[in-house]
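Heavy-atom basis, side chains included; hydrogens, waters and symmetry copies ignored.
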Amino acid sequence: MVGQQIRRTVESISKRFFTEVVLGDSFAEIESLGAPEHFCEDELLGILNSDKRKCLTLKYYAKKILYFLRQQNILRNLKVFLERPPEQQSALEGAVLVDQYCNPLAEITLESISAQIEEITDKVKKYLRVKNATHPSLRASQGDCFVLENLEFQRQVICALNAVLYDQLQYKGNERDYYNPLNSYIHQVMLRRTGIPISLSVLYMTLARKLGVPLEPVNFPNHFLLRWCQNQRRSDDIYDYVYIDTFGKGKQLAAKECENLIRHQVGADYYSAISTSELLLRMVGNLLNIGKRGEGNEKSYQLLRDSLDLYLTINPDNVQYLLLQARLYFHLGIWPEKVLDILQHIQALDPSQHGAVGYLVQHTLEHIQHKRHPVEPEVKRRNVPEHREVQYSVGLIMKHKRSGYNCVIYGWDPKCTMSQEWINTMRVHQLSKGADQPFYNVLVQDGTCRYAAQENLEPHSAPLEIAHPEVGRYFTEFSDTHYIANEELQARYPEDMCKTHRTVEELYHSLTPNSGQSPEPTANFQEHDLLDP
């Protein structure tokens with residue numbers, strides 16, 4: 001019974017949220033069904049694992065709901081983690097929680113990451129045994145917590161760790177693709193053996209501590225470091241520490257040598273050790289900055305939303321990021337009630353923000369009012385005079401003649417509707433028909449959405465599935481030669497599917513259903529290079 005309710009809820013979402021970015025509050029009704037978490041997951045996974053080419057819209061929203069449910073659970077786990085005493089907060093566990101929240105559909109567990117770390121620890125012990133068969137770290141069992149008092153024994157561990165991690169296993173800092181978010185996810189760091197200073201430091205520090213060397217994280221500006229005390233007792237003197245650059249293959253630096261990494265001087269405060277929660281704020285802050293640097297597509301917005309959620313869970317009263325979250329939701333036109341809650345919280349924390357808060361409150365209330373009286377979607381019929389020049393239809397698999405990318409059409413306009421700035425930037429005037437021709441909304445194989453001129457598109461000579469994350473929002477099935485629009489898309493383009501069927505019949509007449517053969521085109525299609533749109 002509950003399984004049927006879950007399925008009905010998933011089926012209803014497309015009708016309600018087709019034109020919006022779906023956000024978590026849309027899925028609260030799944031939680032309110034009261035079914036055990038694993039039961040909901042099993043139902044959703046059952047939908048996702050059904051026939052690959054069918055029920056694409058159902059799968060699209062099932063995936064969104066599963067994403068939301070897992071994130072809610074991970075956020076609860078993070079809150080429990082943050083409530084522990086600081087000495088019980090492991091940097092590794094915190095990094096795994098960040099990783100899980102940003103990748104909730106991946107199978108990432110603390111147990112699997114810990115098992116991989118244990119394997120590396122065994123390799124370090126093996127190396128250490130060759131150098132010093134009586135080293136006390138060799139007697140330690142898995143899970144033991146101990147600290148080597150002898151500095152020479154600590155030095156031997158650090159040397160062995162560097163040899164195994166950087167020479168044997170070839171871990172390295174990712175200089176070529178520094179701002180890739182994968183560098184911040186601990187499971188990807190271990191899979192790809194590359195990362196940025198903070199993620200490599202979490203790995204290095206975890207390994208060192210398992211072998212008896214108590215390294216501490218240092219929130220050095222622009223280049224995260226670890227510090228290693230050279231005295232028997234903990235010291236407040238920055239010169240009593242060696243600083244380890246895990247991004248630089250474990251290079252050891254004296255205090256003032258660290259400034260060479262960033263090419264300017266800093267005060268003694270920047271050499272202090274930080275807590276695990278501060279480390280996580282730095283890690284999440286890096287992801288936030290990557291999201292802000294993004295191209296304004298759904299992927300970068302998702303990263304920005306996820307990292308803001310994490311940051312504000314760790315530091316809920318940060319006015320700067322609360323305001324950023326409110327502005328992001330406002331910009332995307334989503335979750336207006338949540339925006340009002342955030343703005344109320346900001347006003348209580350910092351009354352001086354009343355100008356920015358007042359502006360957003362006014363426009364958010366207007367948005368809520370607008371949602372209560374939604375505008376009927378525009379219906380585009382092919383038989384009206386102004387649409388006669390539109391040659392192609394939704395669901396057709398196309399190839400861009402100049403750029404060479406493969407795509408599927410999910411919308412069209414009889415003339416270019418973009419701003420004059422976009423038209424100038426994309427050099428539309430260089431096209432033979434300029435902006436005065438049909439333009440198509442297309443989902444591209446590389447995961448982007450583009451707006452392409454009719455003269456630059458041609459039907460694909462061998463139709464293929466388009467691996468785009470938004471395909472299910474618009475289409476319910478891939479049927480060898482084309483995509484079948486879902487009810488919501490068909491309501492907006494009511495005559496397009498008939499046109500699509502006629503087109504594929506003419507183009508791919510030799511294709512038989514389920515034959516497994518590639519369709520043969522009736523005409524020769526040429527491939528060209530260069531330039532969008």
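With no hydrogens or angles considered, a side-chain donor-acceptor pair links Y101 and D309 at under 3.5 Å. No donor-acceptor contact under 3.5 angstrom links the side chains of Q188 and N180, judged on distance only. Using a 3.5 Å distance cut-off with no hydrogens or angles, the side chains of T417 and Y451 do pair a donor with an acceptor. Neither side chain, Q490 nor N486, offers a donor N or O lying under 3.5 Å from an acceptor on the other. Counted by atom type alone, S201 and T246 present one or more donor-acceptor pairs between their side chains at under 3.5 Å. Between the side chains of R450 and T448, at least one donor-acceptor pair of N or O atoms lies under 3.5 Å.
Checking side-chain atoms of R492 against main-chain N and O of E488 turns up a donor-acceptor pair under 3.5 Å. Side-chain atoms of Q454 come within 3.5 Å of backbone atoms of Q391 as a donor-acceptor pair (strictly under, hydrogens ignored). Here the side chain of E389 pairs no donor or acceptor atom with the backbone of E386 at under 3.5 angstrom. D99 places a side-chain N or O within donor-acceptor distance of the main-chain N or O of H187, the cut-off being under 3.5 Å. Judged purely by atom type and a 3.5 angstrom limit, E458 has no side-chain atom pairing as donor or acceptor with the backbone of K399. Under the 3.5 Å distance criterion, the side-chain polar atoms of T500 are matched with a main-chain donor or acceptor of V394. The closest donor-acceptor contact from the side chain of S112 to the backbone of T109 lies under 3.5 Å. Within the 3.5 Å criterion, the main-chain N or O of P463 finds no donor-acceptor partner in the side chain of Y508. In terms of modelled atom types and a separation under 3.5 Å, the side chain of H468 and the main chain of L443 share no donor-acceptor contact. No side-chain donor-acceptor contact under 3.5 Å links Y311 to the backbone of Y321.
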side-chain contact (heavy atoms from CB on, under 4.5 Å) evaluation trace for I47 with K63:
CA-CA 9 Å; I47 294 171; K63 190 173 181 179; over 6 Å; no

L360 and R327: side-chain contact (heavy atoms from CB on, under 4.5 Å), yes or no, with the steps?
CA-CA 8 Å; L360 286 170; R327 283 174 171 154; 3.9 Å; yes

Pair V361-T364, side-chain contact (heavy atoms from CB on, under 4.5 Å): steps then yes or no:
CA-CA 5 Å; V361 166; T364 301; 5.8 Å; no

Working for side-chain contact (heavy atoms from CB on, under 4.5 Å), residues I397 and C407:
CA-CA 6 Å; I397 311 297; C407 58; over 6 Å; no

With ring-ring contact (aromatic ring centres under 6.0 Å, His included) as the criterion, how do Y178 and F247 come out once you've worked through the C-alpha distance, each side chain's angles and the decisive distance to 0.1 Å?
CA-CA 11 Å; Y178 191 89; F247 192 78; 5.7 Å; yes

Let me see the working for H331 and Y301 under ring-ring contact (aromatic ring centres under 6.0 Å, His included), right down to the final yes or no.
CA-CA 11 Å; H331 171 72; Y301 284 137; 5.8 Å; yes

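Taking both residues in full, the closest heavy atoms of Y440 and Y392 are given as OH-N, 3.0 Å, listed atom of the first, atom of the second, then distance. Contact between A453 and L431 at its shortest, heavy atoms only, is CB-CD1, 3.6 Å. For L280 against G94, the heavy-atom pair with the smallest separation is CD2-C, 3.5 Å. Between P494 and R381, the shortest heavy-atom contact is CG-NH1, 3.5 Å. The minimum heavy-atom distance between N286 and I196, with the atom names listed, is ND2-CD1, 3.9 Å. Closest approach of A326 to L343, counting heavy atoms only: CB-CD2, 3.9 Å.
More than 12 heavy-atom neighbours from other residues, nucleotides or ligands sit within 6.0 angstrom of NZ on K415. Other residues, nucleotides and ligands place no more than 12 heavy atoms under 6.0 Å from the CD atom of E487. Applying the 6.0 Å contact sphere to NZ of K499 captures more than 12 heavy atoms from other residues, nucleotides or ligands.
Under 4.0 Å is where a charged nitrogen must lie from a carboxylate oxygen, and between K433 and E455 no such pair does. For K380 and D413, the salt-bridge test passes: some basic side-chain N is under 4.0 Å from an acidic carboxylate O. Ion pairing between a basic and an acidic side chain is recognised when a charged N comes within 4.0 Å of a carboxylate O; E41 and R70 show such pairing. Look at E470 and R473 and you find a salt bridge, because one of the NZ, NE, NH1 or NH2 atoms lies within 4.0 Å of a carboxylate O, short of that distance.
At a threshold of 4.5 Å between non-hydrogen side-chain atoms, the residues L69 and N73 do not count as touching. The closest side-chain heavy-atom distance from I409 to Y483 is not below 4.5 Å. Annotation: side chain of K54 is not in contact with side chain of F478 (no heavy-atom distance under 4.5 Å). Taking the side chain as every heavy atom from C-beta outward, Y185 and V96 never approach each other to under 4.5 Å. Residues T57 and F475 form no side-chain contact, since every pair of their non-hydrogen atoms from C-beta on lies 4.5 Å or further apart. L92 places a side-chain heavy atom less than 4.5 Å from the side chain of L110. The closest side-chain heavy-atom distance from R502 to C498 is below 4.5 Å. Between Y204 and Y171, the closest side-chain pair of non-hydrogen atoms is not below 4.5 Å.
Relative ring orientation between W422 and F439 is described as perpendicular, the plane-to-plane angle rising above 60° on a 0-90° scale split at 30° and 60°. Taking the six-membered ring where the residue is Trp, F330 and Y359 present perpendicular rings, their angle passing 60° and hence far from 30°. Taking the six-membered ring for Trp and thresholds of 30 and 60 degrees, Y405 and H400 have ring planes inclined between 30 and 60 degrees apart.
In this structure, CD on E465 lies 9.0 Å from CD on Q445, to the nearest 0.5 angstrom. In this structure, OG in S300 is found 7.5 Å from CG in L303, a value given to the nearest 0.5 Å. Distance CG/N441 to CH2/W412: 11.0 Å, rounded to 0.5 Å. Separation of atoms CD1 (I314) and CE (M283) is listed at 10.0 Å; rounding is to 0.5 Å. Once rounded to the nearest 0.5 Å, the distance linking CD of E337 with CG of D341 reads 8.5 Å. To the nearest 0.5 Å, atom CG of residue L287 and atom CG of residue L304 are 10.5 Å apart.
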